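Here is the structure we will look at.
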Amino acid sequence: MTDDTNDKAPARWRRIQQLCEALDPLADGERLDRLIALEPDPDIRLETLALLQALRDEDATQRAYRTADLSAHDTEGLPESIGGVSILALIGSGGSGEVYRGVRTTNGTEQVVAVKRYHLHRSTTVDFERFTREQQMLATLTHPGIVRFFDAGVTLDQRPYLVMELAEGEPITAYGDARQLPIADRLRLMLAACDALSSAHRLHIVHLDLKPSNIIVTADGHVKLLDFGTAKLADPLAAVTRTEPLTVHYASPERLRGEPVTTACDVYSAGLIVSELVSGAWPFPRRESLVAIAERAAGGMLLQSLARVVTDEAARQRATTPDKLRRALRRGLDAIVRKAVDDNPARRYGSVGELAADLQRYLSGEAVHATSPSPLDRVGAFVRRHAWPVVAGASLLIVLATTIAYAMQRTAPPEAAPPIQRPRYDARTSMFTPTGTNVSAFDDFVSPKGALFARATWQGIYCAQALNQPAPAPTATGFHVAFFADANGFPDRTKALQDTTYPISRVAQTHEVDRALSCGRVATTYGFYSYAVTLDTPFRAAPAVRYWFSVQAIVSEAAAQAVPFVFWGWLNGPTVNGRTVATMPGGGFAEFPTDRSFTLVE
Amino acid sequence: MTTPELTVMFNAWVRGEAGALDRLLPYIYPDLRALASAYLRRGARPVTLQTTAVVNELFVKLLTTQPKTLESRRHFYVLAARVIRMSLVDHYRQVQAQRRGGHQERVPLHDELAWVDASSDELLEFDRALAELEHLDREQADLFSTRYLAGCTAEETAELTGLSKATVDRRVRLARGWLFRRLRGVATAAS
């Protein structure tokens, strides 16, 4: 091809596109005449015809493949029995597998049950030990609002299956829509679901795949949670099988990022479901593509008021008018949803029970506890409520926000809020989470030099500064690091590893934390910073242990703004170019060599 | 390698600086294989946690350091599509090198592109054809990539590009037809 034709190619292509767009909708007989009338160049005419033909061929081929795919799925017949259950009928199938209705005979009595059998990729194996362990855990769930789990196993052809109580009904959202249930009735259904969920959380079992289709309402009006814990059950299989255990649309950002699983994940999903129940919408746009999900994982979604997205249809389905629905949403439901789906797990309700309590308050006409003040008010309110510079895990943002608030207080004109007293902090008795609930502690750990304190719980390790300990006071020239390790989430294996004071010169301010993460709240104006930490002592990390570190650092070198704060992160990040990157929420990170003996460097 | 450096490289790529992608790639590279297998495992099914797990490490980092303008989001999706495409080709070449005969299951590239088999040489032809389209009409190719490789719905693609959904559908359909013709040739004229 010569340069000359090269230059013309894009123009020709544009012309061909135009013609195709004009001719595509026309009937066969009209196309040629129209083309001849529109375009004099015979080459372009030919190209256009070829592309028009390709459009049709593509359509036809695509349809042919789709039909072949669909019929391939249908060829598999009904199995006679799975795990000792005689199969009666197929009642559902999806990406992860099929669900059957069957009869199970135990001690001479027959019982109709549901059997879920997962797809499995050929060349793979199942981690039986893990599978068995998880199912024993599920067998302890006996709440009437949770579908009973009876049995699980693996079929001869290596496909995992579960035998469960048969519960048929409609998803909680569809149930309400079909009956035009008012908000109050819908919330009462949700309260029943929250009750069931709380009972599982008390046993340290997290659902992890809450979505409307997993909260069904049976024909007699009972709420049942389905697929409890099967997300986790399916998870270890997921890497090696073809199961598609989870859709991610109701998953919290931290879950999407693959961070440790906590009950806060369920609070988030429950919040989205409440949002859908009361308004038919989410507080942010529903986007479902791979990259859109990655965007959500990154956090910083701007929440919109549900009252703004009320449609006539949504109001009609709730037996009300759009105006009344808007008022109801503004009267507290909006705030409840916002609190439940906060990016930051520590700012959500501390438990599903707390979410339920606020919903109950709404129902009985009391003021709800969730508020949606302006972002700055929120930071301030947080600091006033929790007058100690500490904080609970999972919340760098909160900590940073606190810090910023401190800085603001210190530089604020006299008429601003009174300065905050440096608190004393009693590690054994103080409340831990920002919502004021005591998390159930497994055990408490004080770092070797006593400056920092960690409480190991089944929800993670919470780090705090122990001011009643003889700790080095924060100065403008030093900061303090303590390491705690928990063996992949087992609090009973928590260890306090080391703590050391480092000169400020070793704290490098790496960069301004991004605007997106803080979602335009206060970030850019006041400046969030993250720090890279340099450790003098090489620290040998055991394999497969998640290390938490807690750093008490100095916000700025100006002593006037020397405010201690605590943040945390973990050191088992991804490998980039042979170096493992440790991420700290908020954008700071450290690198260390992968030989597991690492030094944090700037 | 710090996050800001990554951002600088990303921005250089957005500005179309020569060699920017080459500089960026080594940092993306370790994730590529995992990304490809997750993409293929996903097939036509919904996005799952496994898939997001592999995109998140790098993507989340890039996303959190980008101002959330429409412009930068659009570029990000195009980059994501690019990375996914490279990972697929790379993955296929490696699998190909290790394979000793045997039948390979058909893996549709996307449920709306079922005629492209990502587990055969068709994938390489597809990659070449898309490169040609990029050369001919960058915008069209980016639209196509955002839609099918980055996995956006038509609505999401419309939102990102500021086009109407109808325009996205129409233009993407043309790109599909063009690629089909490159891969499968022109069938005999309609009878």
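Computed from a predicted structure; not experimentally measured. We name chains A, B, ... by the order of the sequence lines, and we start the count at 1 in each one.
Closest approach of Trp115(B) to Thr61(A), counting heavy atoms only: CB-CG2, 3.8 Å. Shortest non-hydrogen contact noted between Gly177(B) and Ala54(A) is O-CB, 3.4 Å. The two atoms that bring Gln62(A) and Ala114(B) nearest to each other are OE1-N, 2.9 Å, heavy atoms only. Summarising the geometry of Glu58(A) relative to Leu113(B), their closest heavy-atom pair is OE2-CD2, 4.5 Å, with the distance given to 0.1 Å.
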Please report the C-alpha distance between Asp59(A) and Arg176(B) in whole Å, then the side-chain angles of each, then the deciding distance to 0.1 Å, and finally whether the side-chain contact (heavy atoms from CB on, under 4.5 Å) criterion is met.
CA-CA 9 Å; Asp59(A) 275 351; Arg176(B) 272 203 326 261; 4.1 Å; yes

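For Gln140(B), the part lying under 4.5 angstrom from a heavy atom of chain A is the side chain only.
Atoms CZ and CD, on Phe180(B) and Gln53(A) in that order, are 9.5 Å from each other to the nearest 0.5 Å. Atom CH2 in Trp13(A) sits 6.0 Å away from atom CG in Leu133(B) (nearest 0.5 Å).
Of the possible donor and acceptor atoms, none in the side chain of Gln17(A) sits under 3.5 Å from a partner among the backbone N and O of Leu174(B).
Here Arg173(B) is the residue among Arg171(B), Glu112(B), Arg173(B) with the most heavy-atom pairs under 4.5 Å with chain A.
A 6.0 Å sphere centred on CD of Glu132(B) holds more than 12 heavy atoms belonging to other residues, nucleotides or ligands.
At a threshold of 4.0 Å, the pair Arg14(A)-Asp137(B) does not count as salt-bridged, since none of the basic side-chain nitrogens sits closer than that to a carboxylate oxygen.
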